[in-house]
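Everything on this sheet refers to the single structure shown next.
Quick note: residue numbers are just sequence positions, from 1. Values in this document were obtained by computation on a predicted structure and should not be read as measured data.
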Amino acid sequence: MPSAGLAPRRIVQLSALLAMFALFTAQIVSALLPNVPVFIAASAAGLALDVFLQYRDPGLLALLGKVRFDVTVRQLLRDMLILVGLLRIEGIDPTREQAPLLIALCLFYALHFACQAAAVVVRRTRTLPIVTRNIDASALRLSTAPPRVLARRPGHRLLTFSIPTTVGLMVTAATTDAYWGGIGVGIALALIGGGTAYLATWMLPKKRAKSEQKVMEWLDKWLADYRPTVAMYFSGGTTSAYQANMWLSTLSAVDAKPLIVLRERFMVQKIDATDVPVICFPKVTTMFSLENSTLKMMLHPANAAKTSQVLRIPTIKHAFINHGESDKLSSCNPYAKAYDEVWVAGPAARERYALAEVGVEDKDIVEVGRPQLAPIRPYSGAPTGTYTTVLYAPTWEGWDGNPGNTSVVLAGENIVKRLLADEGVRLLYKPHPMTGSVDPRAGAANERIKAMIREAGALRSGPRPDAGAAAELARRTAELDRLTSTDFRESADEMERMLLQGAPRGDREAAIVEATLAWEKAYWASFPEWEHQIVTDARPAIFACFNQADLLISDVSSVVSDWLSSEKPYAVANTSGMSEEAFREGFPTVSAGAILTPEAEGVPALLESVRQPEKDRFTAARAKLKEHLLGPSDPPSLTRFNEAIDDLCTEADERRVRMESRLATEVPSQRGTTDDASESAEEATQDAQDANEADDSVNA
């Protein structure tokens with residue numbers, strides 16, 4: 001049963017479809033009678049409704065396309081009914097006046113299909129074998145994209161360019177003068193003909209991109225000039241980009257030549273602002289150009305189906321760095337044994353892999369800490385203000401249906417209700433962005449929690465920041481948006497974005513860090529200290545919420561591990577059905593925090609321990625657990641991360657030397673051969689064998 005929020009929209013959509021079919025019916029009946037006023041009104045209104053829906057609700061019209069009643073069929077039917085109506089109206093000579101209109105209308109459709117064919121060719125020529133960001137690719141003859149209505153919107157093009165025809169024929173129906181219909185069709189022919197000719201200019205050499213071979217030759221040259229040593233490899237769906245984005249600051253700070261390697265074209269724009277060069281290889285065959293580059297190792301923040309493809313490159317070492325660590329089984333996936341090394345934060349993860357027995361050997365585990373946790377401020381004592389800020393950041397329900405994954409369904413409302421009952425609490429609610437994506441119950445509970453917080457917020461009052469705070473936030477937002485985004489016109493395609501996102505300035509990342517800190521300060525200052533907040537946008541980030549909160553309530557997730565770097569109090573909801581003793585034993589990350597049952601009766605005592613640190617029995621345990629989970633503070637995590645990169649790069653270099661030495665001893669020298677013809681034949685045979693081996697490696 002649809003929810004109340006969706007019902008009105010569905011009613012409107014159904015009404016629009018019924019209106020369209022009613023107008024077609026009215027057009028047919030009025031054309032046969034004929035009834036000129038109704039005929040004119042139905043024809044004009046039908047086209048107007050189709051154009052409106054094409055721009056405002058194209059998804060609704062896509063449903064008609066599934067039953068083969070797409071925009072071309074609808075407009076062709078509409079035009080044919082108009083011609084039928086003109087046949088029935090007295091005063092219009094079918095032979096002398098209507099025949100030329102029919103011929104001109106057929107020519108219009110012929111040009112429409114010609115324009116569509118040109119659009120297909122142009123799109124294909126503008127689809128390069130790779131996509132780049134932060135790389136000057138102007139040598140590839142990149143150009144701006146043609147207007148979207150010509151290249152990518154055939155439905156919009158047909159309906160928009162048909163308007164003069166319909167208007168002219170309607171005037172003809174009203175006046176019985178075919179002259180007006182001729183003018184209308186003539187204007188439509190000029191529009192579609194001129195548009196087709198203009199679109200065809202993108203097939204000329206000046207605007208046409210280089211061939212795939214030339215593009216790959218250019219890439220090989222760029223790689224030889226840039227000489228990358230370490231890359232982050234990422235593949236995933238539209239909602240998974242955060243897994244890579246959390247490592248951008250670390251990647252840009254390493255003492256190496258970094259590179260980002262992607263596999264999906266859409267992901268190029270999902271990666272946050274960075275100065276690190278980005279290359280997307282949609283096809284595995286093009287990705288193998290990395291084999292001959294200076295690249296020595298790859299970092300993998302996530303496991304993906306396409307990861308196995310890059311693991312085939314023998315010249316590159318691979319390290320799994322994950323996108324967060326927790327006690328969940330997903331943090332010790334058996335796939336990890338496919339990598340050369342598994343980099344973890346601290347000893348806890350090493351123990352986790354040993355207990356999981358998934359095939360990852362202890363010698364392949366390297367502790368590097370969590371470099372991206374540097375912005376998290378340390379614990380500075382009990383809250384000193386009027387309010388205790390509590391961050392409730394539950395994780396999502398996961399793929400396995402385990403009720404212990406998220407507290408939202410079984411405990412979320414109880415936790416929030418008890419927090420809101422305390423007048424001294426300011427609640428920050430930040431649910432996982434994928435909440436409700438698998439289990440509808442989680443999505444429904446999430447919405448109820450938001451409603452509870454809004455209702456509680458409406459009952460609070462007090463002084464608010466002046467208008468200057470809002471103006472400052474708007475100014476900081478505009479500045480940050482300018483630094484972190486690129487303005488693309490509506491018609492921009494992949495090639496045009498590559499052109500606009502060429503070589504970066506080089507100082508943007510430092511400017512972004514400074515602007516982000518200023519934005520966060522302005523953001524929190526724009527709200528009164530007593531107001532609850534629901535944080536679902538990308539800004540503020542989870543670490544910014546950490547720095548505002550005095551207490552975290554979460555689930556068994558990487559959020560807890562990251563929070564521990566601050567050594568502030570925290571609590572974990574136990575919705576697994578396990579006893580507290582078994583829960584603490586099974587999930588080491590919760591050992592230094594309070595445990596909340598689904599009923600959340602322990603919330604008042606938890607708040608008291610935060611406000612009175614002498615009642616906090618986990619202070620020493622948090623410091624000990626922090627080092628166990630994240631490793632020592634000295635040397636700094638980034639230093640250990642760089643050392644791990646150096647060590648794995650050295651292993652890659654040593655392997656290359658061994659392979660080159662082995663090949664040199666296995667392949668006999670061809671020098672001193674007196675028969676030049678025989679020598680050439682042998683070299684040709686060897687080249688053919690090498691080519692076959694390369695094909696085998698690609699198709700394995």
Side-chain angles (χ1 to χ4, degrees), residues 51 54-55 58 62 65 70-72 75 106-165 186-219 221-222 262 264-269 278-283 285-286 485-503:
V51 172
Q54 195 71 232
Y55 282 92
D70 57 20
V71 61
T72 304
Q75 186 55 30
C106 290
L107 180 59
F108 170 81
Y109 278 93
L111 287 174
H112 165 69
F113 292 122
C115 187
Q116 182 60 18
V120 171
V121 174
V122 168
R123 288 201 304 269
R124 287 181 177 175
T125 59
R126 294 182 63 80
T127 303
L128 299 178
I130 59 170
V131 188
T132 65
R133 249 180 70 183
N134 299 332
I135 297 174
D136 182 5
S138 56
L140 298 179
R141 291 205 304 258
L142 303 180
S143 60
T144 56
R148 188 164 59 163
V149 72
L150 295 176
R152 297 184 176 273
R153 295 291 181 87
H156 294 68
R157 179 178 66 238
L158 176 61
L159 293 177
T160 303
F161 289 177
S162 292
I163 292 175
T165 298
I187 294 174
L189 285 172
L191 289 174
I192 193 69
T196 303
Y198 181 59
L199 181 62
T201 62
W202 267 264
M203 297 186 227
L204 299 175
K206 186 177 181 180
K207 292 184 178 180
R208 194 183 184 97
K210 291 188 175 182
S211 66
E212 178 171 330
Q213 179 182 351
K214 294 293 185 182
V215 171
M216 298 313 297
E217 289 175 356
W218 167 85
L219 178 63
K221 184 178 182 303
W222 182 85
L262 305 176
E264 291 81 22
R265 293 177 181 272
F266 68 82
M267 191 63 72
V268 175
Q269 300 305 324
V278 179
I279 305 176
C280 174
F281 295 96
K283 296 190 300 183
T285 51
T286 57
S485 62
T486 303
D487 291 328
F488 300 119
R489 63 195 183 99
E490 194 175 18
S491 294
D493 62 1
E494 195 174 81
M495 184 185 290
E496 183 173 334
R497 288 192 288 267
M498 281 179 61
L499 178 65
L500 296 174
Q501 294 178 309

Do you know the tightest heavy-atom contact between [X] and [Y]?
X      : Y      : value
Pro146 : Val122 : CG-CG1, 4.1 Å
Leu150 : Ala119 : O-CB, 3.6 Å
Met495 : Ala209 : CE-CB, 3.3 Å
Ala151 : Leu199 : CB-CD1, 4.2 Å

Apply side-chain contact (heavy atoms from CB on, under 4.5 Å) to the pair Leu128 and Met498, showing each step before the final yes or no. CA-CA 10 Å; Leu128 299 178; Met498 281 179 61; 3.9 Å; yes
Distance check, rounded to the nearest 0.5 Å: [X] atom [atom1] versus [Y] atom [atom2]?
X      : Y      : atom1 : atom2 : result
Tyr109 : Leu111 : OH    : CG    : 12.5 Å
Ile187 : Thr165 : CD1   : OG1   : 8.5 Å
Met203 : Thr201 : CE    : OG1   : 8.5 Å

Looking at Ala492, is its backbone amide N or carbonyl O close enough to the side chain of Arg497 to form a donor-acceptor pair, meaning the two atoms are under 3.5 Å apart?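 Yes; judged by distance alone, with no hydrogens or angles, the pair exists.
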Measure from the side-chain N and O atoms of Arg141 to the backbone N and O of Arg208, and report whether any donor-acceptor pair falls under 3.5 Å.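 Yes; judged by distance alone, with no hydrogens or angles, the pair exists.
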Which residues satisfy the ring pair (Phe, Tyr, Trp, His ring centres under 6.0 Å) test with Tyr55, sequence neighbours excluded?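 If we apply the ring pair (Phe, Tyr, Trp, His ring centres under 6.0 Å) test to Tyr55, skipping adjacent residues, the hits are His156.
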Are side-chain heavy atoms of [X] and [Y] found at a separation under 4.5 Å?
X      : Y      : answer
Thr160 : Arg153 : no
Thr127 : Arg124 : no
Gln501 : Phe488 : yes

Examine the side chains of Arg152 and Ser491 and answer whether a donor and an acceptor come within less than 3.5 Å of each other.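 Not at all, the side chains of Arg152 and Ser491 share no donor-acceptor pair under 3.5 Å.
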Which residue pairs pass the side chain to side chain donor-acceptor pair (under 3.5 Å) test when at least one of the two sits in residues 111-123, sequence neighbours left out?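 Checked against side chain to side chain donor-acceptor pair (under 3.5 Å) - neighbours excluded - the pairs reaching residues 111-123 are Gln116-Arg157.
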side-chain contact (heavy atoms from CB on, under 4.5 Å) evaluation trace for Glu496 with Arg489: CA-CA 10 Å; Glu496 183 173 334; Arg489 63 195 183 99; 2.8 Å; yes
Using side-chain contact (heavy atoms from CB on, under 4.5 Å), reason through Trp202 and Thr125 one step at a time and then give a plain yes or no. CA-CA 9 Å; Trp202 267 264; Thr125 59; over 6 Å; no
Residue pair Leu191, Phe108: steps toward the side-chain contact (heavy atoms from CB on, under 4.5 Å) verdict: CA-CA 10 Å; Leu191 289 174; Phe108 170 81; over 6 Å; no
I'd like a table of donor-acceptor pairs (distance under 3.5 Å, sequence neighbours excluded) in which one partner is a side-chain atom from residues 129-137, with atom names and distances.
residue : atom : partner : partner atom : Å
Arg133  : NH1  : Val268  : O            : 2.7
Arg133  : NH1  : Ile271  : O            : 2.8
Arg133  : NH2  : Asp272  : O            : 3.1
Asn134  : ND2  : Thr274  : O            : 2.7
Asn134  : ND2  : Val276  : O            : 2.8
Asp136  : OD1  : Ser138  : N            : 3.2
Asp136  : OD1  : Ser138  : OG           : 2.9

Note: Lys283-Glu212 ion pair, threshold 4.0 Å (strictly below):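 Salt bridge: yes.
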